[in-house]
Structure formats: structure tokens, C-alpha cells
Amino acid sequence: IIPIAISISQALRQLLFALELIRPYTFITYYLTVLSIALMIFMGEIYAIKGILYSILISEILVIICYCMVIRKRNKMKTAA
């Protein structure tokens, strides 16, 4: 399931670049990277390797949600204009 989540987030990342949404991409990437590292440290200590895998999955799902929110907001702005 992790490779599927990563492939979806990669496709959305490319869409953000195509739509020239570099600033939201950078913001999302920086903050979710910090969150991902914190989750890996926290969950890795408690659940070992399973915790790290869960933290990767959680991070990728959050990335997908954030990217979709940015794309949806962009589409609403385009149709309103």
C-alpha cells in the first residue's frame, strides 16, 4: 500500500509543477518532512520497523490530502474567474 500512496503523491506533485504551484508545494514538502521525521522517531521507538512503515504511510496520505486541497482550491479559483 505504501508504493501505491507514493505513486499517487508523485503524480500529484507533477501536477502541482505543471500548474506552476511551486510555493504551496514547497510549503507542504517542508512541513510534512518535519512531521514525517518526528513521526518516524516517535513511532519507531514504540513500534520498531512497523512504526516507521506506519509513519511513512501516514505522511504520504497527508501529502496526498494537502496536494488535493491545493489543486481543488486552484480549480475553484480558475472556474470563478
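Index from 1, following the sequence.
- Two different hydrophobic clusters hold Ile61 and Ile4 under the rule that ILVMFWY side chains link at heavy-atom gaps under 4.5 Å.
- Taking both residues in full, the closest heavy atoms of Glu60 and Ser9 are given as OE1-OG, 2.6 Å, listed atom of the first, atom of the second, then distance.
- No more than 12 heavy-atom neighbours from other residues, nucleotides or ligands sit within 6.0 angstrom of OH on Tyr31.
- Ile1 CD1: 12 or fewer foreign heavy atoms inside a 6.0 Å radius.
- Leu21 contributes atom CG, which lies 12.0 Å from atom CZ of Arg23 (distance to the nearest 0.5 angstrom).
- Among all heavy-atom pairs drawn from Thr29 and Thr33, the shortest one is O-OG1, 2.5 Å.
- Annotation: the span from Ser55 atom OG to Ile46 atom CD1 amounts to 11.5 Å, rounded to 0.5 Å.
- Counting all heavy atoms, side chain and backbone alike, Leu53 lies closest to Ile2 at O-CD1, 3.5 Å.
- Phe42 and Val34 fall into different hydrophobic clusters, where Ile, Leu, Val, Met, Phe, Trp and Tyr side chains are chained together by heavy-atom contacts under 4.5 Å.
- A distance-only check finds no donor-acceptor pair linking the side chain of Ser36 to the backbone of Leu32 [under 3.5 Å].
- Closest of all the heavy-atom pairs between Ile52 and Met40 is CG1-O, 4.0 Å.
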From CA spacing to verdict: side-chain contact (heavy atoms from CB on, under 4.5 Å), Arg74, Val70: CA-CA 6 Å; Arg74 171 84 170 6; Val70 169; 5.6 Å; no
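- Ile6 and Ile28 fall into different hydrophobic clusters, where Ile, Leu, Val, Met, Phe, Trp and Tyr are joined by side-chain heavy atoms under 4.5 Å apart, directly or via other members.
- Cluster annotation: Tyr47 is connected to Ile58 through the hydrophobic network of ILVMFWY side chains, with a link wherever side-chain heavy atoms come within less than 4.5 Å.
- Across every non-hydrogen atom of Ala5 and Leu57, the tightest pair is CB-CD1, 4.4 Å.
- Summarising the geometry, atom CD1 belonging to Ile41 is positioned 7.5 Å from atom CD belonging to Glu45; distances are rounded to the nearest 0.5 Å.
- Side-chain contact between Leu12 and Cys68 is present, with at least one heavy-atom pair separated by less than 4.5 Å.
- Side-chain contact between Arg13 and Gln10: present, with at least one pair of heavy atoms (C-beta onward) separated by less than 4.5 Å.
- In this structure, OH in Tyr25 is found 15.5 Å from CD in Glu20, a value given to the nearest 0.5 Å.
- Each of Ile8 and Ile56 belongs to its own hydrophobic cluster when Ile, Leu, Val, Met, Phe, Trp and Tyr are linked at side-chain heavy-atom distances under 4.5 angstrom.
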